[in-house]
Amino acid sequence: MKVVVDMNKCQDHGQCVFAAPDVFSLDDAGHLAYVSDPDDALRDEVEEAADVCPLQAIRIEA
Amino acid sequence: MNARIVVAGASMAGLRAAEQLRAAGWSGAITLVGDEPHLPYNRPPLSKEVLAGKAPFESLAFRPRASVSDVEWRLGRTVVAAGLDERTVRLDDGTELSYDGLVVATGMRPRRLNCPGPKAGRHTVRTLDDAQGLREALTRPGARVVVVGAGFIGCEVAATAVGLGVAEVTVVDPLPLPMAGPLGELLGRALLKRHEERGVRFALGAGVAGFTGGDRVTGVVLSDGSVLPADVVVESVGSVANTEWLEGNGLDLTDGVLTDACLRAGGRPDVVAVGDVARFPNARYDGVPRRVEHWCIPTDTAKHAAKTLVADAAPGPFAPLPSFWSDQHDFRLQSFGAPVLGRQDVRVLDGDPEGDVLVGYHHDDRLVGVVALGGQAVAASAARYRAELLKQPALTMTV
Ligand SMILES: Cc1cc2nc3c(=O)[nH]c(=O)nc-3n(C[C@H](O)[C@H](O)[C@H](O)COP(=O)(O)OP(=O)(O)OC[C@H]3O[C@@H](n4cnc5c(N)ncnc54)[C@H](O)[C@@H]3O)c2cc1C
Ligand code: SF4
């Protein structure tokens, strides 16, 4: 699956990290890093991450 | 016959409920009824980015999951009554909808000040239309703004107004410190100082007695008789639950809809409440039912309530960890847990209140909440305490 985070929207809330730690992480400065092509087995997690992003910055494409 | 679940209220909690009903296996019909003309949209930016003009109104729309592409939306329609014994709701156009399951997701509306004086020029911020109107008023040259209520939304609006270049922004509140009700004195003082340094004025310890002006507001009369000149008044004095339509069904509607731990209302297996309007016991704390007006709650409650409605067995215990954020000026507040339950024992965990600070709230020596105030790094460090809060055993206490 393909994940896109709109980095213009993202404000590093990190809620996505709690929902899908295998896909999203915050670096030491507190900024978001993520895997853009996670395994399909992680779809539930990623959908949950998209739900809980306060800025609604996460898009799942296919 | 086609089975149907009706969701009353088509905002965040309503949408999440529909999505979670599908995730829980409901394949019958879903009808969402909402009195706003818009599809569900995200409210927090209404007092922040969108009010500031940094994000367009269109950017607020939620992106519904594909699983709800077949649900029926009845927008611009109000649910005016419910017959829970008959399993029907009535809409303002006279339509009756029968249901097999009912999700109550009608949320809150702003409480209004009941004082003498003109109405024009007085704003609240709950809906897109509210925010659009307020933005227009704030961007008129020379606007003088009085915000009534020094809670989160009031302080966010004050910060946004200053950021828009409004020269005169005053926040009025009968309490001596902003946001101290939920956050306690230590952060209340730190927040007051930060707001003042960035140009917000405060009239604290004062209530509002009325408004001056003929057709439109020209000033706010305080309880001590003084008058603050104002063309724009923002009332952010709390909210009222939208539950009138449920009256007459024997539910406890004292403050929102009282539910059990499965989020069922009135012990009915076919009626659940979600989002801001639900007053539910949290097994993580003392089991006292409370409403929680945080953005995370619609999603948490929807997940649990959907299982209650769709599955035969009761879902597991409901123990969401509340979290909350607020952006004001150039700083963020990030909260995890329930600081309000630990206001008596507040400790600085890291940093100091003059700069970036991480504060812990304790009850019986146990950490029940953390709040970070400052930049991104300290907000991220609050997140590191989240795991610790999650590990804590249930709290037994009386508040
Ligand atoms: C300006 C603002 C800023 C916020 N900022 C933050 C923040 O920074 N952080 C945070 O954690 N939380 C924040 N929140 C809180 C968060 O947005 C709410 O918790 C969330 O919106 C609750 O969603 P809900 O769907 O339960 O209720 P609502 O969003 O209130 O939705 C209820 C819907 O039901 C409709 N309705 C009501 N009665 C009827 C009826 N009889 N028939 C049909 N429809 C009806 C309403 O019009 C509304 O559309 C903020 C809220 C506001 C207003
Ligand atoms: S939750 Fe949203 S805003 Fe926060 S870090 Fe993840 S993508 Fe960014």
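Just so it is clear: chains get the letters A, B, ... in the order the sequence lines come, proteins before strands, and each one is counted from 1. Heavy atoms only: backbone and side chains are in, while hydrogens, waters and symmetry mates are out.
A donor-acceptor pair shorter than 3.5 Å can be found between the side chains of B:Q328 and B:H195. A donor atom on one side chain and an acceptor atom on the other are not found under 3.5 Å apart for B:E36 and B:T127.
Contact count versus chain A (heavy atoms, under 4.5 Å) is highest, among B:R65, B:Q334, B:E49, B:E19, for B:R65.
With a threshold of 4.5 angstrom between heavy atoms, B:A383 approaches chain A through its backbone and through its side chain. Within the 4.5 angstrom heavy-atom criterion, no atom of B:K54 approaches chain A. Contact of B:S323 with chain A is made through the side chain alone, with heavy-atom distances under 4.5 Å. If you measure heavy-atom distances from A:Q11 to chain B, the contacts under 4.5 Å come from both the backbone and the side chain. Using a 4.5 Å cut-off between heavy atoms, B:D300 makes no contact with chain A at all.
Note: A:F24 and A:F18 fail the aromatic proximity criterion, with ring centroids not under 6.0 Å apart.
With respect to B:E388 and B:R386, no salt bridge is recorded, no charged nitrogen being found less than 4.0 Å from a carboxylate O.
Residues in residues 39-59 of chain B take part in these ring pair (Phe, Tyr, Trp, His ring centres under 6.0 Å) pairs, two or more places apart or across chains: B:H38-B:Y41.
The nearest pair of heavy atoms linking B:V378 to B:L373 is CG1-O, 3.6 Å.
Residues of residues 44-56 of chain A lying under 4.5 angstrom from chain B, judged on non-hydrogen atoms, are A:E47, A:E48, A:D51, A:V52, A:C53, A:P54, A:L55, A:Q56 by number.
Relative ring orientation between B:W325 and B:W295 is described as perpendicular, the plane-to-plane angle rising above 60° on a 0-90° scale split at 30° and 60°. Ring geometry for B:H304 versus B:F318: interplanar angle under 30°, hence parallel rather than tilted (30 to 60°).
Atom CZ of B:R384 is separated from atom CG of B:D350 by 9.5 Å, given to the nearest 0.5 angstrom.
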